[in-house]
Amino acid sequence: MAAKFSTGLDIHCSIPYTSDTKLLYGSSSSSTKSSRLSLKRFTILCNSTSKSPKPNLDLDSSKKKPSLSEQLKPLSNTILDDPPNQARILSKPKSTWVNPTRPKPSVLSLQRQKRSTYSYNPQIRDLKNFARRLSESHFSDDAFLAVLEDIPHPPTRDNALLVLNSLRPWQKTIFFFNWIKTRNLFPLETIFYNVAMKSLRFGRQFQQIEELAFEMIDSGIELDNITYSTIITCAKRCNLFDKAVEWFERMYKTGLMPDEVTYSAVLDVYAQLGKVEEVMSLYERGRASGWTPDPVAFAVLAKVFGAAGDYDGIRFVLQEMKALEVQPNLVVYNTLLEAMGKAGKPGLARSLFEEMVDSGVTPDAKTLTALIKIYGKARWARDALDLWERMKSNGWPMDFILYNTLLSMCADLGLEEVAETLFHDMRKSDNCRLDSWSYTAMLNIYGSVGNAEKAMALFEEMSRVGIELNVMGCTCLVQCFGRAQRIDDLVKVFEVSVQRGVRPDDRLCGCLLSVVSYCKGDDADKVLACLQQANPRLVTFVKMLEDESTSYDIVKEEFRSILTNTSDDARRPFCNCLIDICRKRNRAERAHELLYLGTVYGLYPGLHTKTPEEWRLNVRALSVGAAQTAFEEWMRTLAKIVQSEEPLPEVLSANTGAGTHKFSQGLANAFASHVEKLAAPFKQSEEKAGFFIATREDVVSWVQSKAAATA
DNA sequence: GTAGGGTTAG
């Protein structure tokens, strides 16, 4: 594992735009009492088990959602356990249920609502043209009204419905709806409301939909499953999830059973909220009612497990479909592939894709986008390139999102030339255009290979063709010019970006901080001046670290406070860079303090792992300076263990990672020279790349000889 | 978009 776009020293300090955040930044979790641990001992290294230490930063308490069971309560208490009698009768018309004291719970109707069939309307052509003319025009209300009077055929029920269905946007649909209502030519049935609501849904006009629904209730017009599912999905699209649930509950209360369409719409409401338990509860209640879910419902299930990165859940979906003999369709496959990616299972995604192709389902651009993204993230260059070849030779569909994903994949894999070919193809192509994603992906690549000339040329081209630089592009350029020591260019890009409205985020700040860590004198001051605009507290903290008189307690409090206000994925990079800065400015002990705090705050889970046979220091997610600091710390601890004659395992190892990324092989080399400088008895493994190994005897005799030398 | 549900990018 390695950072995506870094060479040499700063590979883990800059904040690369990798999708690999789980590996790179680690997950944070909570709580070791830092205040009770003695700073001097740093015992955390050898006391920690393979379990991640839990940081005691309660950083996200304000965002806490109600518990899952709390959220499910309204459904389970008010509805699902107590379905109205009428509904129960509807859902099981031929039931031979004999135990009336324990009615079989039923939560959905197994019959889908029947749609009325259209009778052929010979005037369809004229009316559609009429509707299209109205839709495309820009009339005032009066003019619109005048044109309506010229409707080519009398506004009978069927004619009016046809026009209503073809009008857009929603303002015109509603205008026409009100027009037929005031003319009072025929009673407005449910279907008229449903059609009007659908148009409102396109315009995301939930409030108006709700008003129409109340109007139906007031006038005694029946709300059916189509009405409810339209209301619910509109609420969902407007992010009004409580409204979606409210209308679902209202439906049961009026004695109407949802059919499977409404039911999966609600499943999706919970899926979008990430409420896995609720989705499963609804799903199981549906199954218990005799429901065989269709592919749409399975796509919802796959989505919710994908979002949670829950591989067992994904397997469950596959098993259920197999058991119920439901054949996955394209969307289900796409969703499952996405889910496999989120669960970090590239191999399973690959075999699922082959299964899909074998079963005769032709992949579309979304399928290929999902898969290319997975291969890029997994750094599976061969599979990614093979797939690209297959796409070309099979003529599988491409779109601009797929092109941009291919570019990002190239960035993940360091495929500069392939990316340039793709970029060139897109430039020539008629059906896709280079957009800010494409340019940003290229900046990412040039930033990673350190090609400052090409990055600058691209930056200038963007200004010329009017594509705005976003915060990611800015970060890539800062990284690129920082590494090339073109600090004046860096400052210029930063200033221009801020002027054009880029709001620096934590990743950009981390990137600036990493440049500070390897710059000197004037250059460092120039970069700090940029950082001052973006995050003044960080600059103050850097100055505090440099000042010998700052006490540990103050460092601890200020660091904690800074981390609290830093997004999760930028915390470890911040800590890495700050450690590097301390080491570069001869504040080695300060570096040890920061590493200790970082460990306590959960930024380095699994830094030290123990088995009875082997203790291992895992520094793959550390910057060079942090890795050196951690190694020194470990040696101190091991020395104490030897001196106090406590037991050691047979093998001690340090893992720097092999640097599978083309641009990131710096850590192992830097680590090797540090080991050499300390004359520590660790040897780089020949079989296992990225491992440094010592035996217990090596370590014991090394400690003893050092002790003898200083005695 | 032909009255209702599900899938694509740092």
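Atom set for the values below is all heavy atoms of this structure, side chains included, hydrogens, waters and symmetry mates excluded. So that the names make sense, note that chain A is the first sequence line, chain B the second, and so on, each numbered from 1.
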What's the [atom1]-[atom2] distance between [X] and [N], to the nearest Å?
X	N	atom1	atom2	answer
A:Lys198	B:dA3	NZ	C1'	7 Å
A:Glu260	B:dG6	CD	C1'	12 Å
A:Asn329	B:dG6	CG	C1'	9 Å
A:Asp364	B:dG6	CG	C1'	13 Å
A:Tyr283	B:dG6	OH	C1'	15 Å
A:Leu371	B:dT7	CG	C1'	14 Å
A:Ile314	B:dT7	CD1	P	15 Å
A:Trp247	B:dG5	CH2	P	17 Å

Should [X] be listed as having a side-chain N or O under 4.0 Å from OP1 or OP2 of [N]?
X	N	answer
A:Arg237	B:dG4	no
A:Lys303	B:dT7	yes
A:Lys236	B:dG6	yes
A:Arg168	B:dG1	no
A:Lys373	B:dG10	yes
A:Asn225	B:dG4	no
A:Arg201	B:dG5	yes

Counting any heavy atom closer than 4.0 Å, what does [X] reach on the DNA or RNA strands: base, sugar-phosphate only, or nothing?
X	value
A:Phe202	base
A:Thr440	base
A:Ser199	base

Hey, which of A:Asn329, A:Val331, A:Val326 is the one that makes side chain to side chain contact (heavy atoms under 4.5 Å, CB included) with A:Phe298? A:Val326
Below 3.5 Å, does any donor atom in the side chain of A:Thr262 face an acceptor in the base of B:dG4, or the other way round? yes
Classify the side-chain pair [X]/[Y] by whether it contains a donor and acceptor separated by less than 3.5 Å.
X	Y	value
A:Tyr228	A:Gln113	no
A:Tyr283	A:Glu320	yes
A:Ser567	A:Asp569	yes
A:Tyr193	A:Glu215	yes

Compare the ring of A:Tyr263 with the six-membered ring in the base of B:dG5 and state whether they stack (centres under 5.5 Å, planes under 30°). no
Is the ring of A:Trp437 stacked on the base of B:dA9, with centres less than 5.5 Å apart and planes under 30° off? yes
Going by heavy atoms in the side chains, are A:Lys454 and A:Met442 under 4.5 Å from each other? no
Stems in DNA chain B, runs of 3 or more consecutive Watson-Crick or G-U wobble pairs with both distances under 3.5 Å, sorted by first number, are none
Which heavy atom of A:Pro293 sits nearest to which heavy atom of A:Leu324, and what is that distance? CD-CD1, 3.8 Å
Both A:Gln113 and A:Leu167 contact DNA chain B. Which one's nearest nucleotide lies toward the 5' end? A:Leu167
